[in-house]
Number of protein chains: 2
Amino acid sequence: MRVMVLRIGHRIPRDERVTTHVCLTARALGADGVLIANVRDSQLIETINKVTDRFGGGFHVEAGKAWRSTIAEWRREGGKVVHLTAYGIPLPKIIDEIRRSKEDKLVVVGAEKVPGEMYALADWNVAVTNQPISEVSALGVFLDWLFEHTRLEAEFPNAKVRIIPTEHGKTVATA
Amino acid sequence: MRVMVLRIGHRIPRDERVTTHVCLTARALGADGVLIANVRDSQLIETINKVTDRFGGGFHVEAGKAWRSTIAEWRREGGKVVHLTAYGIPLPKIIDEIRRSKEDKLVVVGAEKVPGEMYALADWNVAVTNQPISEVSALGVFLDWLFEHTRLEAEFPNAKVRIIPTEHGKTVATA
């Protein structure tokens with residue numbers, strides 16, 4: 001199963017840091033990449049590509065395609081769409097159904113207001129708590145649950161730099 | 001067990017949005033409050049207090065006290081300190097030990113560089129993946145694990161507004 005994140009509503013410069021956090025979270029917790037809708041942000045892509053180059057894995061970021069056509073194409077190819085929103089069905093109630101579906105998943109996270117249409121387009125509107133929360137932590141918790149809490153110690157292939165877990169201090173190994 | 005989050009390295013305006021995400025995450029996933037170290041940010045406190053006033057619960061935010069004295073005081077009162085960092089011990093390896101300790105927990109999250117001293121001061125340096133990640137998602141995943149994945153459907157007392165989980169759309173109930 002392929003898992004991509006679709007970031008909608010990204011604005012420069014307002015969302016640069018938060019969208020960077022979305023991308024790092026997606027990569028660290030096992031998504032295959034992030035699509036940033038509607039806006040080209042080459043600086044952000046460069047930042048994330050540098051992290052992937054150093055720390056490994058095949059994470060892929062691209063930006064600029066309209067969110068509606070991204071979703072339409074995803075569905076045409078047989079993929080399913082998960083929209084993370086505080087208004088949705090609580091994650092614990094819906095996660096088994098999502099895990100049972102073996103289709104590729106597009107996980108949509110918005111910034112500020114999300115177009116009303118998105119709620120209809122999603123196969124699942126999923127709430128990581130029905131409380132105001134951050135899309136960054138909602139994405140992190142969702143991916144952790146989707147992968148059944150198994151991805152926190154994953155190794156990333158082709159890493160130039162690896163962090164060695166340390167009780168008190170910082171240890172880094174270079175390839 | 002009381003769980004407070006200590007946000008260190010907060011800078012205005014650079015970290016306003018990310019620290020807001022830290023606070024919303026802490027509240028939604030069951031922490032009792034956030035202490036923002038060293039910097040007074042009354043606008044941020046007001047933003048979070050408005051959320052708590054509308055959506056309920058007794059979440060508490062304060063700002064301005066030096067991080068070293070906050071940690072010293074916390075330990076003097078018998079509390080333990082968890083520092084979230086990619087350099088630490090993977091969460092799955094250390095979570096049982098942390099859950100077994102019944103003392104109050106101060107969960108420290110940094111912005112950008114964290115003073116080296118912090119790694120020595122923490123009872124546990126905990127990695128939510130040994131990868132570059134966001135402190136927002138690291139906090140979310142950590143709290144979810146700390147509370148054994150049970151807080152995602154918690155009700156908040158004294159809410160003026162409640163979100164009613166909905167498959168496709170937005171439903172809100174007012175008290």
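Note that this is a predicted model, so its numbers are computed, not measured. Residue numbers start from 1 in every chain, and the chains themselves are labelled A, B, ... in the order their sequence lines are given, proteins ahead of strands.
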Check each atom of B:Val172 against the heavy atoms of chain A and say whether the ones under 4.5 Å are side chain, backbone, both or neither. side chain
Take atom CG in B:Asn49; do more than 12 heavy atoms of anything else shown fall under 6.0 Å from it? yes
What part of B:Glu167 lies closer than 4.5 angstrom to a heavy atom of chain A: side chain, backbone, both or neither? both
Is A:Met1 linked to A:Leu143 within one hydrophobic cluster, defined over Ile, Leu, Val, Met, Phe, Trp and Tyr using a side-chain heavy-atom separation of less than 4.5 Å? yes
Which heavy-atom pair separates A:Arg17 from B:Asp15 by the least distance, and what is that distance? NH1-OD1, 2.8 Å
Could you please spell out the steps behind the side chain to side chain contact (heavy atoms under 4.5 Å, CB included) verdict for B:Leu29 and A:Ile133? CA-CA 9 Å; B:Leu29 289 165; A:Ile133 196 172; 4.2 Å; yes
Mind running side chain to side chain contact (heavy atoms under 4.5 Å, CB included) on A:Thr166 and B:Tyr119 for me, showing each step along the way? CA-CA 10 Å; A:Thr166 303; B:Tyr119 296 81; over 6 Å; no
Let me know if B:Thr25 has heavy atoms under 4.5 Å from chain A in its side chain, its backbone, both or neither. both
Does any backbone or side-chain atom of B:His83 lie under 4.5 Å from a heavy atom of chain A? Answer side chain, backbone, both or neither. neither
Closest heavy-atom pair, B:Ser134 versus A:Val136, reported as atoms and distance to 0.1 Å, is OG-CG1, 3.4 Å
Neighbour count >12 (heavy atoms, 6.0 Å) for atom CZ, B:Arg40: no
Gap separating the NE2 atom of B:His168 from the OG1 atom of A:Thr85, nearest 0.5 angstrom: 12.0 Å
Per-residue contact mode, B:Val51 against chain A (heavy atom under 4.5 angstrom): side chain
Does CZ in B:Arg68 sit with more than 12 non-hydrogen atoms of other residues, nucleotides or ligands closer than 6.0 Å? yes
Looking at A:Val141, A:Thr171, A:Thr20, which has the largest count of heavy-atom pairs under 4.5 Å with chain B? A:Val141
Heavy-atom contact with chain B under 4.5 Å, split by part of A:Arg14: both
Is the count of non-hydrogen atoms from other residues, nucleotides or ligands lying under 6.0 Å from B:Arg11 atom CZ greater than 12? no
Who wins among B:Arg151, B:Glu135, B:His21 for the most heavy-atom pairs under 4.5 Å with chain A? B:His21
Hey, quick one: are B:Val18 and B:Val39 part of the same hydrophobic cluster, counting side-chain heavy atoms closer than 4.5 Å, chains of contacts allowed? no
Chain A contact via B:Ala122 - which portion, at a heavy-atom distance below 4.5 Å: backbone
To the nearest 0.5 Å, what is the distance between CD on A:Gln131 and CD on B:Glu153? 12.0 Å
Heavy-atom distance under 4.5 Å to chain A: side chain of B:Ile164, backbone, both or neither? backbone
Taking CZ in A:Arg75 as the centre, count heavy atoms belonging to other residues, nucleotides or ligands within less than 6.0 Å. Is the count above 12? yes
Hphob cluster co-occupancy, B:Phe156 + B:Ile163, side-chain heavy atoms under 4.5 angstrom: no
Is it the backbone or the side chain of A:Asp144 that comes under 4.5 Å from a heavy atom of chain B, or both, or neither? side chain
Select, from A:Ile89, A:Val126, A:Val22, the one with the greatest count of heavy-atom pairs under 4.5 Å involving chain B. A:Ile89
How many angstroms lie between CG in B:Leu152 and NZ in A:Lys93, if you round to the nearest 0.5 Å? 10.5 Å
Measure across B:Ser137 and A:Gly140 and return the closest heavy-atom pair with its distance rounded to 0.1 Å. CB-CA, 4.2 Å
Linked, directly or transitively: A:Ile48 and A:Val161 (ILVMFWY side chains, under 4.5 Å): yes
How about CZ on A:Phe59, more than 12 heavy atoms from neighbouring residues, nucleotides or ligands closer than 6.0 Å, or not? yes
How close do B:Pro132 and A:Ala28 get, heavy atom to heavy atom, and via which atoms? O-CB, 3.9 Å
Could you go through the ring pair (Phe, Tyr, Trp, His ring centres under 6.0 Å) check for B:His149 and A:His149 one step at a time? CA-CA 10 Å; B:His149 313 297; A:His149 312 297; 4.1 Å; yes
Toward chain B, the part of A:Ala86 with a non-hydrogen atom under 4.5 Å: both
Mind ranking A:Gly56, A:Ala127, A:Gly169 by heavy-atom pairs under 4.5 Å with chain B and telling me who comes out on top? A:Gly169
